[in-house]
Trainee: 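Pasting a structure below so you can have a look.
If you read the sequence from its start, that first residue is 1, and numbering goes on from there. Every value quoted in this text rests on a predicted model; they were computed, and no experiment measured them.
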Amino acid sequence: MGAQKSIHAGKAKIDVNVDFTHKLCAALMLQPFRNSGSPLELVIGSLCIKHPNLFGKSEKLDVLWDKGLYDSNILITYRKPRPEWLAQQSFVVQHSVSPEIGVHGLPDDNFSRSGSGGVNLSRLSAGLDLSEPASSNWSSKTSIKFEHICPVSDEGQSINRDTHGFPVTCSGGYNDSMVVVKQESRYAKANDRSFSQFSLQIEQGVPILSKWLIFNRFKFVASRGLKLGPAFLLTSLTGGSIVGDIAPYQAFAIGGLGSVRGYGEGAVGCGRSCLVANNELTFPLSQMLDGAVFLDCGSDLGSGRHVPGNPALRHGKPGNGIGFGYGLRFKSQLGHFQVDYAVNAFQQRTVYFGFSNLPS
């Protein structure tokens with residue numbers, strides 16, 4: 001339920017999308033984080049403005065605004081054309097506000113849901129992205145950005161402590177600032193019967209000022225897909241670790257859709273390190289319908305106690321979790337619909353719904 005409209009203004013293109021469907025689903029499935037004070041808060045939508053030739057030299061400007069029920073994101077990207085053999089440059093400015101559920105969320109219903117812990121993150125970043133020319137099966141991107149992060153309450157007021165009185169920033173004040181250099185490398189290889197993917201992200205906090213955060217964080221994702229007759233097996237392994245200065249919101253959150261199904265977001269645990277394994281077997285039931293069985297497991301590797309304030313222990317998160325279940329994948333011309341039925345280690349059952357539009 002919603003509306004979508006594309007408008008051409010000269011050479012610029014404006015896409016507007018207003019959606020009420022997610023609000024309806026959330027109202028039926030999720031516990032509200034806060035009371036809606038305005039009818040506009042019930043609307044989910046996006047606005048995208050693209051200009052392919054801003055100053056007459058093929059410079060591209062993209063402006064994207066997304067609004068969710070409890071979050072919003074504004075992304076501005078400016079690209080200057082360069083020869084293909086050189087790294088492509090993008091100047092990026094982004095501001096987002098979102099609930100910090102993964103670390104500060106409160107587990108409920110035998111860890112199958114996570115409610116608001118009263119902490120939201122207002123994040124402002126600006127910097128430069130450099131995308132290296134792809135070679136063979138590898139691609140890489142380097143970025144350097146300034147980030148300014150302010151925790152806010154559900155009412156929108158700046159805070160420096162959570163509901164238990166523990167600091168929510170590394171500095172102990174109302175905000176954290178940092179300069180982050182990030183290197184991301186990707187490998188992908190595919191044929192008719194299988195595919196392999198690997199990505200590695202390394203982030204380094206640069207202490208240009210003494211109060212700015214200094215840390216090293218890495219995360220990897222390895223995936224393998226294999227066709228087994230009419231069925232398809234997908235396995236993936238995700239892991240990471242962080243050393244140095246750390247704010248609670250920088251911890252790895254484990255649990256939820258895309259992590260360990262059967263648990264709420266971050267309900268398994270949150271730590272300085274993590275390891276998550278996902279396995280899913282899909283098989284055709286008809287031309288447009290596939291069935292699926294899956295098994296997920298994850299752990300904070302005992303690192304939850306090393307997160308400042310130990311939010312995982314205070315919220316009673318187990319630190320390890322396993323979820324399994326089955327689901328359906330429906331393919332149509334309008335998009336792909338997915339439903340999963342998951343059971344966690346506490347025998348709590350959860351149903352997940354997902355819908356993705358096909359690219360136009």
Trainee: Using 0.5 Å steps for rounding, measure from the OG atom of S194 to the NZ atom of K189.
Mentor: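 Answer rounded to 0.5 Å: 8.5 Å.
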Trainee: Could you grab the distance from atom OG of S153 to atom CD1 of I159, nearest 0.5 Å is fine?
Mentor: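 So the gap between those two atoms works out to 6.0 Å.
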Trainee: Could you tell me whether the side chain of I214 reaches within less than 4.5 Å of the side chain of Q204, counting heavy atoms only?
Mentor: yes
Trainee: Might you point out which heavy atoms bring V119 and P151 nearest each other, and give the distance in Å?
Mentor: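 Shortest heavy-atom separation between V119 and P151 comes out as CG1-CB, 4.5 Å.
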Trainee: Report yes if the side chains of D129 and Q89 come closer than 4.5 Å at any heavy-atom pair, otherwise no.
Mentor: no
Trainee: Does R186 CZ have over 12 foreign heavy atoms under 6.0 Å away?
Mentor: no
Trainee: Strictly by modelled atom types, are S171 and D176 linked by a side-chain donor-acceptor pair under 3.5 Å?
Mentor: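 On atom types as modelled, these side chains qualify, holding a pair under 3.5 Å.
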Trainee: So E184 and K219, salt bridge (Lys or Arg N to Asp or Glu O under 4.0 Å) or not? Walk me through it.
Mentor: CA-CA 10 Å; E184 181 174 0; K219 179 182 179 181; over 6 Å; no
Trainee: Using a strict 4.0 Å threshold on nitrogen-to-oxygen distance, state whether K317 and D300 make a salt bridge.
Mentor: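 So K317 does not pair with D300 through a salt bridge.
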Trainee: Can we say D62 and R79 salt-bridge, meaning some charged N sits less than 4.0 Å from an Asp/Glu carboxylate O?
Mentor: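 A salt bridge is present here (some side-chain N lies under 4.0 Å from a carboxylate O).
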Trainee: Ignoring hydrogens and geometry beyond distance, is a side-chain donor-acceptor pair present between H95 and S122 at under 3.5 Å?
Mentor: yes
Trainee: Taking atom types as modelled, find out whether S98 and N120 have a side-chain donor-acceptor pair closer than 3.5 angstrom.
Mentor: no
Trainee: What pair of heavy atoms forms the shortest contact from T142 to Q183, and how long is it?
Mentor: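 Looks like OG1-OE1, 2.5 Å.
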Trainee: Please examine the side chains of L130 and S143, heavy atoms only from C-beta on, and report whether any two atoms are closer than 4.5 Å.
Mentor: no
Trainee: According to a hydrophobic-cluster definition based on side-chain heavy atoms being under 4.5 Å apart (Ile, Leu, Val, Met, Phe, Trp, Tyr only), do V103 and I149 belong together?
Mentor: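 V103 and I149: separate clusters.
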Trainee: Say whether L121 and V180 are linked into one hydrophobic cluster, either directly or through other cluster members, by side-chain heavy-atom distances under 4.5 angstrom.
Mentor: yes
Trainee: Does one hydrophobic cluster hold both V221 and L200, with members joined at side-chain heavy-atom distances below 4.5 Å?
Mentor: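 Looking at the clustering, L200 is in a separate group from V221.
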Trainee: Can you tell me if N344 uses its side chain to pair, donor with acceptor, with the backbone of N110 under 3.5 Å?
Mentor: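 Checking the backbone N and O of N110 against the side chain of N344, a donor-acceptor pair under 3.5 Å is found.
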Trainee: Under 4.0 Å between a Lys/Arg side-chain N and an Asp/Glu carboxylate O for D109 and R349?
Mentor: no
Trainee: Under 4.5 Å between any side-chain heavy atoms of N175 and H148, yes or no?
Mentor: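 Yes. Closest side-chain heavy atoms under 4.5 Å.
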Trainee: Do R123 and E100 sit within salt-bridge range, that is, some charged N less than 4.0 Å from a carboxylate O?
Mentor: no
Trainee: With rounding to the nearest 0.5 angstrom, report the OG1 to CG distance, T235 to L226.
Mentor: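 Result: 8.5 Å between the selected atoms.
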Trainee: Looking at side-chain heavy atoms only, is the closest gap between S116 and P99 below 4.5 Å?
Mentor: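 The answer is no; the side chains never approach within 4.5 Å.
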Trainee: Where does the angle between the aromatic ring planes of Y78 and F55 fall among parallel (under 30°), tilted (30 to 60°) and perpendicular (over 60°)?
Mentor: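 The arrangement is perpendicular - the two ring planes meet at more than 60°.
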Trainee: Checking S196 against R224: is there a side-chain donor and acceptor pair closer than 3.5 Å?
Mentor: yes
Trainee: Side chain of H315, backbone of P311: donor and acceptor closer than 3.5 Å?
Mentor: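 Yes; at least one donor-acceptor contact below 3.5 Å.
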Trainee: Do N216 and E203 touch side chain to side chain, with heavy atoms closer than 4.5 Å?
Mentor: no
Trainee: Hey, are the side chains of F294 and D340 touching, using non-hydrogen atoms and a 4.5 Å cut-off?
Mentor: yes
Trainee: May I ask you to check whether over 12 heavy atoms, not counting those of F198, lie within 6.0 Å of atom CZ?
Mentor: yes
Trainee: Determine whether L234 and T282 satisfy the following criterion, side-chain contact (heavy atoms from CB on, under 4.5 Å), listing intermediate values before the conclusion.
Mentor: CA-CA 8 Å; L234 176 62; T282 58; over 6 Å; no
Trainee: Compute the ring centroids of F111 and F346, then answer whether they are less than 6.0 Å apart.
Mentor: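 Judged by ring-centre distance (under 6.0 Å), F111 and F346 do meet the cut-off.
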Trainee: Between N278 and D296, do the side chains contain an N or O donor and an N or O acceptor separated by less than 3.5 Å?
Mentor: yes
Trainee: Could you see if F218 belongs to whatever hydrophobic cluster contains L237? Use Ile, Leu, Val, Met, Phe, Trp, Tyr and a side-chain cutoff under 4.5 Å.
Mentor: yes
Trainee: Under a 3.5 Å cutoff, is there a donor and acceptor pairing between the side chains of S241 and S273?
Mentor: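 Present: a donor and an acceptor within the cut-off.
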Trainee: Inspect the surroundings of CZ in F195 and state if more than 12 heavy atoms from other residues, nucleotides or ligands are less than 6.0 Å away.
Mentor: yes
Trainee: May I ask you to test the P107-R113 pair for a side-chain heavy-atom distance under 4.5 Å?
Mentor: no
Trainee: Can S125 and E147 be counted as having a side-chain donor-acceptor contact under 3.5 angstrom?
Mentor: no
Trainee: Linking I/L/V/M/F/W/Y whenever any side-chain heavy atoms sit under 4.5 Å apart, do V63 and V97 land together?
Mentor: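 In one cluster with V63: V97, no.
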